[in-house]
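Structure first, then comments.
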Amino acid sequence: MISNEYRLSYHECRDLLAKRLSEPAPGRIQLLSGPRQVGKTTLLLELAEGLEGQTVYAAADAPEAALPGFWERMFVKAEEIAADQEKAVIFLDEAHLLQDWAAKLKSYFDRYRRKKTPIHIVATGSSALRLFSGSRETLAGRFERLTLTHWSASSFSQVLDIEEIEAAEFVVRKGSYPGAYQYRDDLARWSAYVRDAILEPAIGRDILALSSIRRPALLRQVFGIAASSPTQILSLQKIQGQLQDRGALETIANYLRLLEEAYLVAPVMKYAERETRRRSSPPKLVVLNNALVAIADSDGASEIDKDPRRLGTWIENACLAHAWNAGQRLYYWREEPLEADGIIEGSWGKWAIEVKSGKYQIADLKGLLEFVRRHPKFRPLVICVKENVNAAKRAGIDSITWQEFLLKGPPGLSA
């Protein structure tokens, strides 16, 4: 599972990087990972604009990156700027696409630290696995890790200047990729953008480029099952039974882990006091952006309001994904016939949540209340539609609308 340390929104990530780049150079290398199309390049360019000629920006997926002398030209230019401006910053976008990138960064970083050359280095990548697998040993002790996550409804509202409720509704129905928003009224173009600019590069380039992927067709099938089964608890055996191309359970588990590292799907474990019991439980599949749910659904986003049950699943998935993307430790709980939709631990506090998109009775909250009875350090929270908020509150249970949760998190938190 991806570490929840420094999993940040766009504004949080920009502000933290700006603060670190204002420190004396050379500081530790900043490694920034995150899903495709969430604004990593935009963030680098915004930071570069504020540094007034002290930066060198290079993209590893640009044609010039394949030419001889790419590394030398980039660092020579940075050294010239540092000599003239007393500090320089190198922004290397999609660094993991370059051969031996970690070893070369190590060489330059060690030289700059030894000579006290005032150059900061920021490198980005769209796959946590590819970016950090090359850095854990080669760059050990030389880097700090940041993750720019999928956009929240709050970020969507602030950056795109739309009403908060509209932003929350959009995040449920069509996800939170900012670049896709411009095609919101053209479903065919919107779907093509999500598939061609996000999903296919994430699977076809970021994951399949790994040498450990020996059965790419199986990986795509595992993603397809996960994306079409949001919030479902599926054992590896059940997933295996739906595959056209049968794979070993260990392979399926590994591919689910890779999908999480690519910010596509999180296989959420059951809450248990013992780690061994958590790992032995079947995963609950949470798709980390509802745009991926929408394109995997044969009925599509345009028909979602006609199916309350399906809409309820999409709302629950969006709420659980929001917690994961905000850096919370996310679990589920089930002891037949009782179940709680989500268990959250982290900077938000300790919460047990139940998502109810339709009418409900207090008796429908038995699973939630039984969990907090067994684990009193957790607070129960019902996430529902506006007209049903008071049903839980009358029983002394915290309750908010799902729009509020997607915008601000649990009660007591700011956006």
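For Asp305, the CG atom counts as densely surrounded, since its 6.0 Å shell holds more than 12 non-hydrogen atoms of other residues, nucleotides or ligands. Counting non-hydrogen atoms of neighbouring residues, nucleotides and ligands closer than 6.0 angstrom, the CD atom of Glu23 exceeds 12 such neighbours. Within 6.0 Å of the CD atom in Glu52, the count of heavy atoms belonging to other residues, nucleotides or ligands does not exceed 12.
Taking the side-chain hydrogen bond (donor to acceptor under 3.5 Å, both in side chains) definition, one finds that Asn325 meets it with nothing, sequence neighbours left out. A search for side-chain hydrogen bond (donor to acceptor under 3.5 Å, both in side chains) contacts involving Thr55 returns nothing, not counting sequence neighbours. Here Glu169 pairs with Ile165, Arg173, Trp402, Gln403 under the side chain to side chain contact (heavy atoms under 4.5 Å, CB included) rule; sequence neighbours left out.
Proximity of a side-chain donor or acceptor of Asp341 to a complementary backbone N or O of Ile353 within less than 3.5 Å is not detected. Side chain of Lys270 to backbone of Arg334: a donor-acceptor contact under 3.5 angstrom is found. With Ser157 contributing its side chain and Ala153 its backbone, the two residues share no donor-acceptor pair below 3.5 Å. Side-chain atoms of Ser229 never come within 3.5 Å of backbone atoms of Ala226 as a donor-acceptor pair (strictly under, hydrogens ignored). The backbone N or O of Ala392 lies less than 3.5 Å from a partner atom in the side chain of Tyr360, making a donor-acceptor pair. At distances below 3.5 Å, not a single donor-acceptor pair connects side-chain atoms of Gln237 with backbone N or O atoms of Ser235. Under a 3.5 Å cut-off, the side chain of Gln328 and the backbone N or O of Trp348 do form a donor-acceptor pair. Between the side chain of Thr124 and the backbone N or O of Leu32 there is no donor-acceptor pair closer than 3.5 Å. Between the side chain of Thr313 and the backbone N or O of Arg309, at least one donor-acceptor pair lies under 3.5 Å. With hydrogens and angles disregarded, no donor-acceptor distance shorter than 3.5 Å links the side chain of Tyr177 to the backbone of Asn289.
At a threshold of 4.0 Å, the pair Lys356-Asp364 does not count as salt-bridged, since none of the basic side-chain nitrogens sits closer than that to a carboxylate oxygen. With respect to Asp110 and Lys106, a salt bridge is recorded, a charged nitrogen being found less than 4.0 Å from a carboxylate O. One finds no salt bridge joining Lys366 and Glu354 here, because no Lys/Arg side-chain nitrogen approaches an Asp/Glu carboxylate oxygen to under 4.0 Å. Under a 4.0 Å N-O distance rule, the pair Arg374/Glu370 qualifies as a salt bridge. Contact check on Lys284 versus Glu316 returns a salt bridge, with a Lys/Arg side-chain nitrogen under 4.0 Å from an Asp/Glu carboxylate oxygen. Using a cutoff of 4.0 Å between basic side-chain nitrogens and carboxylate oxygens, Glu404 and Lys386 are not scored as salt-bridged. Comment: Glu345 engages Lys350 in a salt bridge, judged by a side-chain N to carboxylate O separation of less than 4.0 angstrom.
Contact detail for Ala60 and Glu94: the closest heavy-atom pair is CB-O, 3.0 Å. Minimum interatomic distance between Ala323 and Ile344 (heavy atoms only, all atoms of both residues): CB-CD1, 3.8 Å. Here the closest non-hydrogen pair linking Ala266 and Glu260 is CB-OE2, 4.0 Å. Taking every heavy atom of both residues into account, Ala78 and Ala88 meet most closely at O-CB, 3.4 Å. Between Ile207 and Leu258 the shortest heavy-atom distance is CD1-O, 3.8 Å. Summarising the geometry of Leu98 relative to Ala65, their closest heavy-atom pair is CD2-CB, 4.1 Å, with the distance given to 0.1 Å.
The CD1 atom of Ile90 sits 8.5 Å away from the CD1 atom of Ile81 when rounded to the nearest 0.5 Å. One finds the CD atom of Glu387 at 10.5 Å from the CG atom of Asn390 (value rounded to the nearest 0.5 Å). Here Thr231 contributes atom OG1 and Ile315 contributes atom CD1; the two are 11.5 Å apart, rounded to the nearest 0.5 Å. Between Tyr112 atom OH and Ile29 atom CD1 the span is 10.5 Å, to the nearest 0.5 Å. Distance CD1/Ile225 to CD/Gln240: 10.0 Å, rounded to 0.5 Å. The distance from the OH atom of Tyr108 to the CD1 atom of Ile119 is 10.0 Å, given to the nearest 0.5 Å.
At least one side-chain heavy atom of Pro411 sits under 4.5 Å from a side-chain heavy atom of Ile400. Contact annotation: the side chain of Cys13 approaches that of Leu43 to within less than 4.5 Å [non-hydrogen atoms, C-beta and beyond]. Contact check for Val268 versus Leu320: no side-chain heavy atoms found under the 4.5 Å cut-off. Residues Tyr332 and Val286 have side chains not in contact (no heavy-atom distance under 4.5 Å, counting atoms from C-beta outward). The side-chain heavy atoms of Cys319 and Leu406, taken from C-beta on, include a pair separated by under 4.5 Å. Proximity of Leu187 to Trp190: side-chain heavy atoms (C-beta onward) are separated by under 4.5 Å at one or more points. Counting heavy atoms from C-beta on, the side chains of Leu285 and Leu256 come closer than 4.5 Å. For the pair Asp93 and Asp61, the minimum side-chain heavy-atom distance is 4.5 Å or more.
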Side chain to side chain contact (heavy atoms under 4.5 Å, CB included) assessment of Leu8 paired with Leu146: CA-CA 7 Å; Leu8 305 167; Leu146 302 173; 4.2 Å; yes

Tyr255/Phe223 under side chain to side chain contact (heavy atoms under 4.5 Å, CB included): CA gap, chis, key distance, verdict: CA-CA 8 Å; Tyr255 285 177; Phe223 169 77; over 6 Å; no

Intermediate values then yes/no, side chain to side chain contact (heavy atoms under 4.5 Å, CB included), Val355 and Phe405: CA-CA 10 Å; Val355 183; Phe405 184 84; over 6 Å; no

Chi angles and distances behind the side chain to side chain contact (heavy atoms under 4.5 Å, CB included) call for Val171, Asn290: CA-CA 7 Å; Val171 165; Asn290 269 30; 5.7 Å; no

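Between Tyr181 and Phe156, the distance from one ring center to the other falls under 6.0 angstrom. You'll find the ring centres of Phe378 and Tyr271 inside the 6.0 Å limit.
Ring orientation note: the planes of Trp151 and Tyr10 are tilted relative to one another, at an angle of 30° to 60°.
For the residue pair Ser154 / Gln158, a side-chain donor-acceptor distance below 3.5 Å is found, with atom types taken as modelled. Residues Tyr263 and Ser33 have side chains that bring a donor and an acceptor to within less than 3.5 angstrom of each other.
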